[in-house]
Amino acid sequence: MTMAETPSGTTTEPRVDDRTASLDVPSVADPSVAAATTPSQQFSARSGRRAVSTLRRTVTSVWRLWFFAVVLVLWWFLSADSTNTFFPPLKNILTQLWDLWVIGDARSELWSSLEHFAVGYAIAGVGGVLIGALLWKFHRVGEAVSPVLYFVYVIPTAALLPAIMAIMGIGASMQITIIVLAAIWPTLLNTLDGMRGTDPVKIDTARAMHLSATRTVWTVVLPGAMPQIMAGLRHSLQIAVIMMVVSELVASNSGIGFFILEAQQRFAITDMWTGIIVLALIGSLLTFLFILVERVVLAWYLAARAVEQKG
């Protein structure tokens with residue numbers, strides 16, 4: 001706040017200096033708060049703007065679902081009179097889905113799959129970040145093992161199923177191993193690339209400030225690499241879901257993949273479609289939850305990107 005002086009030397013009412021104005025204090029140039037003269041009125045004006053912004057985002061999100069809604073409506077009406085064994089009416093599929101997966105016993109198959117997925121994905125995520133960080137820290141070792149890593153990386157994990165089954169047999173440990181071997185690579189490689197891309201000036205500044213190696217990693221390297229790490233974790237999530245189903249299709253006696261294959265083999269096509277739809281719903285829900293976590297973890301990064309785009 002500064003005092004405006006008149007030519008006669010007297011002072012007038014205080015005014016806000018543009019250099020010290022806070023972003024949280026609404027400007028009088030803002031039409032929505034131009035008439036707000038008290039703190040309560042200013043607070044109400046800010047709350048109104050937030051409500052309008054939230055409503056706008058909600059409408060945008062709902063609008064993005066229009067094509068999905070159209071597909072469901074078309075599927076419902078076009079399949080209503082279907083007599084094709086392989087493409088039953090959507091109404092029959094949804095009715096059977098409720099009977100099997102909501103009030104029936106098929107839920108046990110889903111919990112079995114989710115348990116294997118959770119353990120495998122957690123190991124792949126934590127292991128990928130730790131191994132990537134170690135390879136970045138000991139860069140000479142990383143350079144030495146990089147050819148081996150990329151050689152193993154290009155081998156489709158599904159091709160390793162026979163060998164893993166021969167070594168570990170059929171069971172939960174085999175399924176978790178398959179998920180880990182497939183899902184660890186995106187996180188590991190993205191972590192390594194993200195850390196290698198850290199600005200050397202920032203690292204030199206941390207050394208000049210006599211920060212320890214551990215503190216440098218936590219305060220400089222990891223934040224800079226976090227966008228790429230989160231991208232790797234999202235990719236690993238998708239691969240983990242895929243390999244969860246693949247392992248159950250090939251060698252398992254439980255899980256949603258086993259349910260889908262067993263239903264197809266006994267010609268229960270409607271049951272098979274319910275399993276496919278449940279799998280799609282679970283994959284979508286997991287992706288949505290990951291996006292929510294990603295927005296929290298990368299809130300600072302997303303805010304900086306928004307400011308850059310506005311600028």
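Note that the numbering runs from 1 along the sequence shown for the chain. All values derive from a computational prediction rather than experimental measurement.
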**Message:** If the condition is side-chain contact (heavy atoms from CB on, under 4.5 Å), which residues does Val297 pass it with, not counting sequence neighbours?
**Reply:** Met226, Met230, Val293
**Asked** Under the 4.5 Å side-chain heavy-atom rule for ILVMFWY, direct or indirect, which residues accompany Val296?
**Response** none
**Prompt:** Is there side-chain contact between Trp76 and Leu72, with at least one heavy-atom pair below 4.5 Å?
**Reply:** no
**Prompt:** Rounded to the nearest 0.5 Å, how far apart are CG of Leu135 and CG of Leu188?
**Reply:** 6.0 Å
**Message:** Show me the pairs that pass salt bridge (charged side-chain N to carboxylate O under 4.0 Å, His left out) and involve residues 127-147, at least two apart or across chains.
**Reply:** none
**Asked** Considering residues at least two apart in sequence or located in another chain, which fulfil the side-chain contact (heavy atoms from CB on, under 4.5 Å) criterion with Leu134?
**Response** Phe138
Scan the side chains in residues 236-262 for donor-acceptor partners under 3.5 Å anywhere in the protein, sequence neighbours excluded, and list what turns up.
{"from": "Ser236", "atom 1": "OG", "to": "Ala183", "atom 2": "O", "distance (Å)": "2.6"}
{"from": "Ser236", "atom 1": "OG", "to": "Thr187", "atom 2": "N", "distance (Å)": "3.4"}
{"from": "Ser236", "atom 1": "OG", "to": "Thr187", "atom 2": "OG1", "distance (Å)": "2.7"}
{"from": "Ser236", "atom 1": "OG", "to": "Gly232", "atom 2": "O", "distance (Å)": "3.0"}
{"from": "Ser247", "atom 1": "OG", "to": "Met243", "atom 2": "O", "distance (Å)": "3.1"}
{"from": "Ser247", "atom 1": "OG", "to": "Met244", "atom 2": "O", "distance (Å)": "2.9"}
{"from": "Glu248", "atom 1": "OE1", "to": "Ser113", "atom 2": "OG", "distance (Å)": "3.1"}
{"from": "Glu248", "atom 1": "OE1", "to": "Ile256", "atom 2": "N", "distance (Å)": "3.2"}
{"from": "Glu248", "atom 1": "OE1", "to": "Gly257", "atom 2": "N", "distance (Å)": "2.8"}
{"from": "Glu248", "atom 1": "OE2", "to": "Ser113", "atom 2": "OG", "distance (Å)": "2.6"}
{"from": "Ser252", "atom 1": "OG", "to": "Gln175", "atom 2": "NE2", "distance (Å)": "2.8"}
{"from": "Ser252", "atom 1": "OG", "to": "Ser254", "atom 2": "N", "distance (Å)": "3.1"}
{"from": "Ser252", "atom 1": "OG", "to": "Ser254", "atom 2": "O", "distance (Å)": "2.7"}
{"from": "Ser254", "atom 1": "OG", "to": "Ser112", "atom 2": "OG", "distance (Å)": "3.4"}
{"from": "Glu262", "atom 1": "OE1", "to": "Arg266", "atom 2": "NE", "distance (Å)": "3.0"}
{"from": "Glu262", "atom 1": "OE2", "to": "Arg266", "atom 2": "NE", "distance (Å)": "3.0"}

Ignoring hydrogens and angles, write down the donor-acceptor pairs under 3.5 Å from the side chains of residues 208-215, residues two or more places apart or on other chains.
{"from": "Ser212", "atom 1": "OG", "to": "Arg215", "atom 2": "N", "distance (Å)": "3.2"}

Donor-acceptor pairs under 3.5 Å, side chain of residues 90-105 to any protein atom, not counting sequence neighbours: which ones?
{"from": "Thr95", "atom 1": "OG1", "to": "Lys91", "atom 2": "O", "distance (Å)": "2.8"}
{"from": "Gln96", "atom 1": "NE2", "to": "Asp271", "atom 2": "OD1", "distance (Å)": "2.7"}
{"from": "Trp101", "atom 1": "NE1", "to": "Thr274", "atom 2": "OG1", "distance (Å)": "3.2"}

**Request:** For residues 285-304, pull every pair meeting salt bridge (charged side-chain N to carboxylate O under 4.0 Å, His left out), keeping only residues two or more places apart or in separate chains.
**Result:** Arg234-Glu294
Under 3.5 Å, sequence neighbours excluded: what are the donor-acceptor pairs made by side chains of residues 145-170?
{"from": "Ser146", "atom 1": "OG", "to": "Gly142", "atom 2": "O", "distance (Å)": "2.5"}

**Asked** Quick one: ring pair (Phe, Tyr, Trp, His ring centres under 6.0 Å) partners of Phe86, sequence neighbours excluded?
**Response** Phe267
Taking distance alone, no hydrogens or angles, what donor-acceptor pairs closer than 3.5 Å link side-chain atoms of residues 197-206 to residues at least two apart or in another chain?
{"from": "Thr198", "atom 1": "OG1", "to": "Met195", "atom 2": "O", "distance (Å)": "2.9"}
{"from": "Asp199", "atom 1": "OD1", "to": "Val201", "atom 2": "N", "distance (Å)": "3.1"}
{"from": "Thr205", "atom 1": "OG1", "to": "Val201", "atom 2": "O", "distance (Å)": "2.7"}

**Request:** Please check if Leu181 and Leu130 belong to a single hydrophobic cluster, counting links between Ile, Leu, Val, Met, Phe, Trp and Tyr side chain heavy atoms closer than 4.5 Å.
**Result:** no
**Request:** Could you work out the complete set of other residues in the hydrophobic cluster of Val119, with links drawn between I, L, V, M, F, W and Y side chains under 4.5 Å apart?
**Result:** Ile123, Ile176, Val180
